[in-house]
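All remarks here apply to the structure that follows.
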Amino acid sequence: MKLSVPGRATATAVVAAVSLVAGGSIAGAAPAAGPASAPVSKPAVAAAPDIPVANVKSHLTQLQSIATANGGNRAHGRAGYKASLDYVKAKLDAAGYTTAIQQFTASGRTGYNLIADWPGGDTNQVVMAGSHLDSVSSGAGINDNGSGSAAVLETALAVARANLKPTKHLRFAWWGAEEVGLVGSRYYVNNLSSANRSRIAGYLNFDMIGSPNPGYFVYDDDPAIEKTFKDYFTGLGVPTEIETEGDGRSDHAPFKSAGVPVGGLFTGASRAKSSAQAAKWGGTAGQAFDRCYHSSCDTTANINDTALNRNSDAIAHAVWELAE
């Protein structure tokens with residue numbers, strides 16, 4: 001999640017090339033429809049699978065290793081960011097996704113978004129799930145935002161394992177340069193045609209979902225998306241609160257500004273957990289949800305496994321439900 005600092009310099013994206021895999025399409029454009037055929041009855045989409053938290057943590061271990069090998073971070077314009085993107089892209093390519101790398105320039109450095117489309121579904125109704133993949137320069141960024149990136153990746157891989165055939169079209173995204181002003185996601189939204197923008201039925205954002213002293217916060221933007229997440233946590237017996245700390249400070253903001261329905265999950269950053277919150281969620285009152293926010297200690301040791309597990313499953317639940 002980017003810092004909320006008055007007067008912070010906002011990087012400007014410039015005209016950029018889109019690098020495509022064979023058979024891919026320009027990021028944001030609806031893939032070409034197949035041959036017309038007679039409509040057939042379609043069985044209901046099955047319930048979402050459990051997302052193995054061990055798999056999500058394995059991705060976090062890889063992101064930590066990438067940071068360690070590249071100056072201790074995965075920041076925009078640094079080698080660690082590009083290596084992180086290459087890791088995620090390789091997993092998606094092997095799973096059968098059509099992936100595209102969208103390139104832009106911010107703060108004098110080259111940045112990249114990664115867009116992955118799952119074949120099939122109505123491309124006039126696109127459900128997107130995304131997270132920012134970059135860290136700040138001071139650390140590996142494992143909670144912020146390896147946690148969201150790894151959970152979205154594992155959800156995408158679960159879609160492939162299930163050979164899901166949803167009614168709506170599924171698209172996953174990993175954004176660059178979030179930490180320097182939401183640059184990657186804004187670039188993506190601004191470069192969509194009005195027609196392709198209108199085809200996005202909803203964008204789900206996941207930024208910091210494994211905070212070590214966690215809360216369970218749900219965005220209160222689109223009512224249908226909000227209800228999907230709240231109902232899931234109600235089923236677990238886990239109370240939620242409306243997310244306010246990161247409002248407008250993560251990659252849902254450009255989508256929301258463009259009129260796209262948005263929603264998402266969050267477990268807290270530098271704000272302190274109240275006594276009332278500790279009473280219902282556990283953890284330590286008076287301590288930040290994430291004491292290592294934007295610090296060098298945001299490593300694989302800075303993750304609450306229970307929060308990561310619950311939120312990863314909630315992501316899959318929402319993807320399965322909203323794409324049905």
Open item on the list: Within the 4.5 Å heavy-atom criterion, are T299 and Q64 side-chain neighbours or not?
Closed with: yes

TODO: Mind listing the closest non-hydrogen atom pair of A46 and W320 along with its distance?
DONE: O-CD1, 2.9 Å

Task: Side-chain heavy atoms of I242 within contact of V218, under 4.5 Å - done: no

TODO: Kindly say whether A54 contributes a backbone atom to a donor-acceptor pair with the side chain of S58 at under 3.5 angstrom?
DONE: no

TODO: Spell out, as yes or no, whether a donor-acceptor pair under 3.5 Å connects the side chain of S135 to the backbone of G139.
DONE: yes

Task: Ionic contact status for R249 with E179, cut-off 4.0 Å - done: no

Open item on the list: Using every non-hydrogen atom in the two residues, find where E243 and E245 come nearest and quote the distance to one decimal.
Closed with: OE2-N, 2.9 Å

- [ ] Mind listing the closest non-hydrogen atom pair of A288 and S270 along with its distance?
- [x] CB-O, 3.6 Å

Open item on the list: So, taking the atom named CD1 in I303 and the one named OG in S147, what distance separates them when rounded to the nearest 0.5 Å?
Closed with: 5.0 Å

Task: Derivation and outcome, side-chain contact (heavy atoms from CB on, under 4.5 Å), residues L60 and L308 - done: CA-CA 11 Å; L60 294 180; L308 184 68; 3.9 Å; yes

Open item on the list: For a 4.5 angstrom cut-off between non-hydrogen side-chain atoms, does V183 reach E178?
Closed with: no

Task: Whether R74 side chain and A67 backbone form a donor-acceptor pair below 3.5 Å - done: no

Open item on the list: Under the rule for side chain to side chain donor-acceptor pair (under 3.5 Å), what residues qualify as partners of D305, not counting sequence neighbours?
Closed with: K57

Open item on the list: Could you tell me if N205 and Y203 have a donor-acceptor pair between their side chains, going purely by distance under 3.5 Å?
Closed with: yes

TODO: Give a yes or no on this: more than 12 heavy atoms of other residues, nucleotides or ligands lie within 6.0 Å of atom NZ of K273.
DONE: yes

Task: N143 side chain to D290 side chain, donor-acceptor N/O pair below 3.5 angstrom - done: yes

Task: Minimum side-chain heavy-atom gap Y87-I66 below 4.5 Å - done: yes

Open item on the list: So does V53 get a backbone contact from the side chain of S312, meaning a donor-acceptor N/O pair under 3.5 Å?
Closed with: no

Open item on the list: So if I apply the side-chain contact (heavy atoms from CB on, under 4.5 Å) rule between F172 and each of L204, L92, V159, L153, which one comes out positive?
Closed with: V159

Task: From NZ (K82) to CG (D134), nearest 0.5 Å - done: 15.0 Å

- [ ] Report yes if the side chains of V262 and I225 come closer than 4.5 Å at any heavy-atom pair, otherwise no.
- [x] no

TODO: Could you pull out the closest heavy-atom pair between I51 and A316, with the gap in Å?
DONE: CG1-CB, 3.6 Å

Task: Pair H76 + Y81: ring centers closer than 6.0 Å - done: no

- [ ] For Q287 and T284, indicate whether the former's side chain and the latter's backbone hold a donor-acceptor pair under 3.5 Å.
- [x] no

- [ ] Check the pair R271 / T244 against side-chain contact (heavy atoms from CB on, under 4.5 Å), numbers first and verdict last.
- [x] CA-CA 10 Å; R271 188 175 292 177; T244 58; 2.9 Å; yes

Task: Ring centers of F233, Y216 separated by less than 6.0 Å - done: yes

TODO: May I ask whether L236 and W281 are part of the same hydrophobic cluster, defined by side-chain heavy atoms of I, L, V, M, F, W, Y residues being less than 4.5 angstrom apart, directly or through others?
DONE: yes

TODO: State the CG-CZ distance between N70 and R78, to the nearest 0.5 angstrom.
DONE: 11.0 Å

Task: Nearest-0.5 Å distance, OG1 of residue T167 to CG of residue D122 - done: 8.5 Å

Task: Contact summary for A160 and A95, nearest pair of heavy atoms - done: CB-O, 3.5 Å

Under 3.5 Å, side-chain donor or acceptor atoms of residues 252-259 against the rest of the protein: list the pairs with distances, not counting sequence neighbours.
| residue | atom | partner | partner atom | Å |
| --- | --- | --- | --- | --- |
| K256 | NZ | D221 | OD1 | 2.6 |
| S257 | OG | A253 | O | 3.1 |

TODO: Indicate yes or no: at least one non-hydrogen side-chain atom of Y232 is less than 4.5 angstrom from one of T240.
DONE: no

Open item on the list: Applying side-chain contact (heavy atoms from CB on, under 4.5 Å) to V127 and V319, what does each step give before you reach the verdict?
Closed with: CA-CA 8 Å; V127 173; V319 166; 5.6 Å; no

Task: Side-chain donor-acceptor pair present, S131, S149, cut-off under 3.5 Å - done: yes

Open item on the list: Measuring from atom NZ of K168 to atom CD of Q125, what distance do you get when rounded to the nearest 0.5 angstrom?
Closed with: 5.0 Å

Task: Chi angles and distances behind the salt bridge (Lys or Arg N to Asp or Glu O under 4.0 Å) call for E241, K280 - done: CA-CA 11 Å; E241 290 185 10; K280 66 182 175 183; 2.7 Å; yes

Task: Pair F289 + F217: ring centers closer than 6.0 Å - done: yes

Open item on the list: Would the distance check show the side chain of N145 and the main-chain N or O of M208 forming a donor-acceptor pair, the cut-off being under 3.5 Å?
Closed with: yes

Task: G246 backbone acceptor or donor facing S250 side chain under 3.5 Å - done: no

TODO: Classify the ring geometry between Y97 and W118 as parallel (under 30°), tilted (30 to 60°) or perpendicular (over 60°).
DONE: tilted

- [ ] Would you indicate whether K227, at its atom NZ, is surrounded by more than 12 heavy atoms from other residues, nucleotides or ligands within a distance under 6.0 Å?
- [x] no

Open item on the list: So does P214 get a backbone contact from the side chain of T267, meaning a donor-acceptor N/O pair under 3.5 Å?
Closed with: no

Task: disulfide (SG to SG under 2.5 Å) pairs, two or more places apart, involving residues 214-296 - done: C292-C297

Task: Side chain to side chain, D313 and D50, heavy atoms closer than 4.5 Å - done: yes

Open item on the list: Keeping S198 on the side-chain end and N196 on the backbone end, is there a donor-acceptor pair under 3.5 Å?
Closed with: no

- [ ] Check whether any side-chain N or O of R197 sits under 3.5 Å from a backbone N or O of V260 as a donor-acceptor pair, and report yes or no.
- [x] no

Open item on the list: Between D144 and H132, is there a side-chain donor-acceptor contact under 3.5 Å, judged purely by atom types and distance?
Closed with: yes

Open item on the list: I need the L85 CG to L133 CG distance, nearest 0.5 Å.
Closed with: 6.0 Å

Task: F229 to A318 - nearest heavy-atom pair and separation - done: CE2-CB, 3.5 Å

Task: Distance-only polar pair, side chains of N113 and Y187, donor-acceptor under 3.5 Å - done: no

Open item on the list: side-chain contact (heavy atoms from CB on, under 4.5 Å), that's the test. Do N304 and N213 meet it? Break it down for me.
Closed with: CA-CA 7 Å; N304 182 285; N213 188 30; over 6 Å; no

Open item on the list: Any donor-acceptor pair under 3.5 Å linking the side-chain atoms of D93 with those of T99?
Closed with: yes

Open item on the list: Taking the side chain as everything from C-beta on, heavy atoms only, tell me whether T105 gets closer than 4.5 Å to R109.
Closed with: no

